[in-house]
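Encoded as structure tokens, the structure appears first; notes follow it.
Just so it is clear: chains get the letters A, B, ... in the order the sequence lines come, proteins before strands, and each one is counted from 1. Predicted, not measured: the structure shown is a model, and the values here were computed from it.
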Amino acid sequence: MTDQTKTDTAQTGPAGLVGVSTEPGAKKPDPILVADSITRTFGGLTAVDVEHVEIQRGAITALIGPNGAGKTTFFNLLTGFDQPNTGSWSLEGKSLKGVAPYKVARLGMVRTFQLTKVLAKLTVIENMRLGATGQKGERIWAAPFKFLWGKQEDEVTNKADELLARFMLDKKREDFAGSLSGGQRKLLEMARALMVDPEVVMLDEPMAGVNPALKQSLLGHVKSLRDEGRTVLFVEHDMDMVRDISDWVIVMAQGKIVAEGTPESVMADQRVIDAYLGAHHDTDLSELDEARLEAEVEAEIAQEEDSK
Amino acid sequence: GGETASEEPEKKAAAKGDGTLTIGQLLPQTGSLAFLGPPEFAGVKLAIQDINAAGGVLGKDVVPVLADSGDTTSAIAPTEADKLLSAKSDVIIGTASSGVSMTVIDKIMSANTVMFSPANTSTEFDEGDYAKPDLYFRTAPSDILQGAVMANLLLEDKRTNVAILARQDAYGETLAEEVKANLEGAGSKVATTAYYSEDASSYSAQINEIAGSGADAVVVIAFEETKKLIPQLISAGVGPAKLPTYFVDGNLSDYSADFGKGELTGVKGTLPGAETAGDFKDQLLKVDPKLKDYSYSAESYDATIVSALAAIKADSDAGEAIAKEIVDITTGGEKCETYTDCSKLLEDGKDIDYDGKSGPIELGETGSPTAASIGIYQYNDKGTYAPVKYIAGEV
Amino acid sequence: MDILDILRAALQQALGPQAIVFVLAAIGLNIHFGYTGLLNFGQAGFVAAGAYGMAVTVVTFDAPFWIGVLMAIVAPLVLAVILGVPTLRLRADYLAIVTIAAAEVLRFVFGAVETKDTFGGSNGLNGYAKPFQEANPFSSGLDLGIVSFGRNDLWSLTVGWALVALCCLLVWALMRSPWGRVLRSIREDEDAVRSLGKNVFAYKMQALALGGVIGGLGGLFLALKQASVVPSDYSTLMTFYAFAALLLGGAGRVMGPVIGAFVFWFLIAGLGSFFSQSAGDGGWIPEVIMTDTQASLIRYIMLGLAIMLLMIFRPQGIIGDRREIAIDGR
Amino acid sequence: MTSTDADKFRETHQREAEGAVLRADGLIAGYLPGVNILNDTDLYCQPGELVGIIGPNGAGKSTLLKALFGLVKIHEGSVRLEGEDITGKRADELVSRGIGFVPQTNNVFPSLTIEENLQMGCYQAPKKFTERFDFVTAIFPALGERRKQRAGGLSGGERQMVAMGRALMMEPSVLLLDEPSAGLSPVMQDEVFVQTRKINKAGVSVVMVEQNARRCLQICDRGYVLDQGRNAYTGPGRELADDPKVVELYLGTLGAKD
Amino acid sequence: MRKRLYRVLVALIGALMVLMVGSTVAAQATETPPPDATAIQVTLQDEANKDAQGNPKPIEGVTLVVTKDGDKVGEGVTDAKGVAIIEVEELGKHVVSLDEKSLPSGTVLDENTKNEATVQVRFQGPNNRAIFPIGVTAGEQSSFGKDLAQNLRAGIVFALVLCLAALGFSLIFGTTGLSNFAHGELLTFGALMAWTFDQLFKTGGLATVSVILAGIIAVVLGGVGGYVQDKVLWGPLRRRGTGLIAMMIVSIGLSIFLRYLYQYFYSSSTRSVSQYSGQQREEHWYYLGLAFADREAITVLISIVTITVVCLWLAKSRMGKAMRAVSDNPALAASSGLRVDGVITNAWVIGAALTALSGVLYALTLQVNVFMGMRILLVIFAAVTLGGLGTIWGSLVGSLVIGLVYELGPLFGVPTSIKEVGPLLIMIVILLVRPQGILGRKERLG
Ligand SMILES: Nc1ncnc2c1ncn2[C@@H]1O[C@H](COP(=O)(O)OP(=O)(O)OP(=O)(O)O)[C@@H](O)[C@H]1O
Ligand SMILES: Nc1ncnc2c1ncn2[C@@H]1O[C@H](COP(=O)(O)OP(=O)(O)OP(=O)(O)O)[C@@H](O)[C@H]1O
Ligand SMILES: CC(C)C[C@H](N)C(=O)O
Ligand SMILES: [Mg+2]
Ligand SMILES: [Mg+2]
């Protein structure tokens, strides 16, 4: 832990990742989040079984892996929403074992949910305001007296409005969050998490269902978070995004971490391609062998008719 | 009126002496005591008929207002009492159940209205705050008496180990305690006392307790729940046929529709009140031809008449003024038995002592009868009951 | 048939002390359910805690009146904590059952023969309200023509409506604040709120306690104006009626409970008076169809009907927001 | 879009929609009274055609699908299935007429097992279950392996597979898909697109909404771009994908192969 | 009239006594008190020593002393019938003491009989009694084991009846998500219908099967009631998109409406069906050591069969799955081709019929009253919740636990008067350990 305290700038952020080993569970020069031998089982199924993982401070790390690999469950464990069967993990050297989810968030680690959780009967702007931390007016004794928190509320609102504009939700400002479309909910969820000003942002498939054009502009925002020195950890199935913004990629499969590395190296890994990316992921589907498709279909139909 | 309190003359003047004696009736139309509502309503109705036939009170006809006291679970009595109060009732005849009375007594008294119960027998109305002569009166004797009669009846029948099954309310608790105290004092034993709450959804545990107690008799202090309890006692092998069973005023009723075939044969019961004279019954039947039970009809009649006479004596229909005279009307003075007679005597300026249909009522310091008769009844194989004897006693 | 009489009876009840008890209970429920989404079906328990807090302190423990008043606030608070610590983790519908059970347990214990020495058994307790009655500054009642209140009622009403106003003001101030926002968010999705670093449990506890105490004030008021506390007053029916009042008015609105309780009692008393005039001697409904007894029932039949119809045609309540209802989580 | 544009659009629509298996004309629909989400939207799908719909978030794509399927109140306009008006018909009737629908969210029964979820898919024709079940599990082997697991415990992607599988169980003649690839791993996404194309080749008409716009336009015969409840662009999939305007406004340049 | 007769009778008895007692007896006793005089009456007899007719033997010649405030105010000696009547002057508390030495040899007061009794003299005549039980063998008190068996039986019967109603509730809750506060009234409905038709049949040629027939009709009508309710009220509400909370309040309204409507037509009195109510329990080998009345045995049988059939049907049949699907997500169910309304109507019909059956069976044990459903509603809720809301097996387990705790609690220290506290407390405790109910599942997060 000593080298963590005397961090020197060269080791922090994406720069520190240069030359890091690509073995699963590789040591990072300046890890902000460290997890050890975490397991979680559901009945007979081992959903998460992570031996060791470190997340580099100030970098954007992507967590990818097939469906059901245990990514979301791992998020739940790290943020205290679920309890692991075994293991320990720490944020900035402080153990998070048994720490309540809200305390984890207060320590600066905020997550979003894959299946969005918007506050349906609050307006979009209220959803945003809720995200702000350290609000005086959230204490019961201060709450009845507006002069105590009015000014702070204005500041919070300004910040929220800025984010909303960026996430193209400003038109929906006064609408109930429950009336948002699927993609808009994702956006709101992410924007609200950013209101917390977190040290570590954990996004669970933030871009699923978000329109490509908007996605592109949002990536800029995520990058700027990194530039502010924050750490981003995200789960995503969109390889364009992973390739574009991540500094480091961790691959999970069947609960285990199977590979790590830079986006390029990981995506070139044959195992990853086989199990996750698929052979055609870079080809244009319309260029697929249409003839082959048709043949297959016909064969099936014929088979069906036989069986009748 | 008579001697109106001199300390607060202003407030007294504001009291509702509107000239018309309005008699509210807060008696059970619904709930677990509803089966004893009709005789009480009939009693009051008959009394008002008699009063108005004799020229009313203070020159005007008495006005009746009816309300439903429900039972303790329905808790409608307070709102119904409000209804009566806002109809400017000067006297409220009611309620029947002691438990319900407890929920409205303070409300009615604080409205300076007389509360005159024909059927409350709980001992609590002579205790603590209610011991004072104030606005609460009753024509039914305290269960100190019924408890003693029941105990004596049990002793007479040589019951030395008695089980008590009682409803948990002001009435059941105190009556059970009285029976128990008298029995144990006199040398008998009480095997067990099982209480049940009015809104219980099963009585098995209580029944089992009774059945397992080895008692040689059981006293059932209940209202309408009796209809549920008896079959269960029978199932448990301690029905009236196997174990001598005793009823009280709360469940002494015509059960011919519920238990035929001799299920109740031999059950004995106690009920405050002197023997109902034959013509009184006939008159009641004219008022309400459907009557089957007569419990507390005489007491209701008397409560109404006494209130009216007190109003005449006080020369006011204000609740407080009436209250001041009620005890006096029933004690000391020239005896009289009907409203016509008594009111004449009063008009002649005489002091009277009203003796009514329920016996020679003498109300004491606390506004309760000091002496009364208690009837002992027995059931036949049809599920109806007939008197065996009456015992007069002092509280 | 005297329309004025009916109106008088209805208004008398709707403005009267009975309504105030329910307004206070419903304001508490509004904080629980309307704002925080806590399905508290045991509000009667809090009301009882308030009433018994007062009565037991003064009657059983012979403490001075003002300590009784203090205890009427402390008791529901304690109940909230005892109830809250274990139950606030439960899902909404489970919470409902646990609270309703807790309230019933309280009522049974208060009414039990075994605890008679402390709680007075099924007769309850009385004889503590003297100081309240003596503090009555009015020398006579108030007659407003259509409605009139006696001296005692007038005093109760003044105190009661003042309490209501105070509570409404407090709720209004609280609910426009960020604190209120957190509560409303918890109503929507606790986990989302947790993920943003708010101590959901603490907020729920604060809400439960605050709503409980306001319910307890209702109990205190009931105890004072009725001068007696009896366990049967605090049955689940009280909670149901308070809920009905709240939803009639509109949950999640400051004035919802007030308007709801007013309408609720207006209906009960108005219908009651209407039918008791219509049936029996001198009424226009023949005895075969409706006897006196039946007349006293029909208002409840109508009340049930009215609650249904109001919920069917205005599910958001009288002053609720239609848009909110349209967004259904399910 | 100027009004003349709109007119032209309407004209082409009228001309080309002739003989369509499913067509919607001038739909005006919304969730709340007074707030229309769809403002005069047209759409048609010829037999055996694969139609893609793309557009920004909140444009009304899901609303359009729901409107076609009778789950949103249509204020004006009509939906026709094989020439017959089906506006406002109940969903289960539409199912028995051969329309299948995969919603964007809440698309599984959490308390039912995977197998039971799929059973619900062929609720109206229970006999076909075994055969279709084999077919679906061949596409998504994960579902076959975990058939007894409750869907409530599934990961996001696994749910999506169940939802897709459920729709495939019913062998519809018209299939409405709302973002079927969302949340799936790349290899599974490809599988979904390939399978959709395959089903389509087998004669099923498909209307799909996608945010993976590029992929969607690659496989579909014809695409619509929906913006603020109106058709902004339409045309064959490839053309749209190459249209610079569409790229700029809706597709972005990320991941585009130059 | 009667009063006078009685007095004559008392006087006669008094006279007889004088004749029999003779001159050896102490002075006070020879003077027969006038029949109306206030007196204390004591009868002494040896219960252990009965004659051929089973009448206990009177104990003669025992001296009894009456004191008031420590002063002796009277004395008496029992006559040949074992009776002593001792006149007293005043009313109030008197103490009667028995002179043990005057007891005949061989007769003793057993250790828990005191030789003193306190009598509050209140009555005219010899109506103020005291007793000194001699040779009384206390009735057999039951043992813990026997109590356990008794209460277990009560618990089982109650639990099964409860279970039917809980199942009905679960079914409706499971498909619609509605916490139906009017559920108790469905139960009452069953009981009321059974009673009504029993009234019809009980005098005719069908009298022997009156209750059975009435019960069957009641269950059918219960189902019809569920159908009507769904068609007239809940269906239209669903179609208007009314929220669950609003529906819940509607159900509160409905319960008030129905309860008082029943009361309007049936009044609040308790009624009994014409058959089976007075059956006594018997122990047969096939009752596994418990004693059942035949009606209870039949109740148990009917319940178990019905519950098994319904549970299997729900678990295995397509309709059962469809109900769960509808409960999870009605919109998606519709999109899968389920006729959601049809499925829900099904749930209502079966749920209501089950509940009506529960009402009929309940009526056999506890008579018919318009409030019976309301009183048991909370217990039903507790059972359903305890098991895990919406799970069918859960409501089964929940009912069993609640029913047993309800009746067994008093054996383990719960005061009988508040025995309803037991199950509620148990439920609270269990929910604290397993917040999702015994068989409920935690929902996945994220
Ligand atoms: N509550 C639960 N009960 C049972 N199984 C669960 C539960 N939660 C997760 N699982 C199982 O654990 C595995 C990991 O799930 P998880 O949600 O973490 O996957 P994921 O990597 O996020 O997948 P996706 O990319 O599809 O979202 C899955 O197979 C899932 O079925
Ligand atoms: N239940 C609802 N109530 C009210 N408004 C709604 C509701 N659902 C959606 N909306 C509104 O309708 C508009 C269109 O929503 P829709 O879901 O059709 O968008 P979409 O095109 O599918 O977007 P996405 O790509 O994000 O899924 C949005 O502005 C949204 O706010
Ligand atoms: C009518 C009576 C049975 C009432 C009973 N004596 C009571 O005081 O509760
Ligand atoms: Mg996931
Ligand atoms: Mg959408």
Sub-4.5 Å side-chain heavy-atom contact between D:N57 and A:K186: no
Point-to-point distance, once rounded to the nearest 0.5 Å, from CG of A:L115 to OG1 of D:T105: 9.5 Å
Donor-acceptor under 3.5 Å (D:S155 side chain, A:G68 main chain): yes
Distance, nearest 0.5 Å, that separates CE of D:M188 from NE2 of A:H237: 11.0 Å
Atom pair CE/CG of A:M207 and D:N212 - distance to nearest 0.5 Å: 14.0 Å
Residue D:K128 excluded, over 12 heavy atoms near NZ under 6.0 Å: yes
Residue among D:G60, D:G157, D:S185 with most heavy-atom pairs under 4.5 Å to chain A: D:S185
Among D:Q160, D:M161, D:E158, D:E191, residue most engaged with chain A (heavy-atom pairs, under 4.5 Å): D:E158
D:K73 atom NZ, over 12 foreign heavy atoms within 6.0 Å: no
Contact origin within A:L180 toward chain D - heavy atom pairs under 4.5 Å: neither
Toward chain D, the part of A:A275 with a non-hydrogen atom under 4.5 Å: backbone
Nearest-0.5 Å distance, CD of residue D:Q189 to CG of residue A:D238: 7.5 Å
Residue D:Q46 excluded, over 12 heavy atoms near CD under 6.0 Å: yes
Partner chain D: residue of A:L214, A:T116, A:L187, A:N211 with the largest heavy-atom pair count (under 4.5 Å): A:N211
Most contacts with chain A, counted as non-hydrogen pairs under 4.5 angstrom, among D:C220, D:P56, D:A182, D:G183: D:G183
Per-residue contact mode, A:E205 against chain D (heavy atom under 4.5 angstrom): side chain
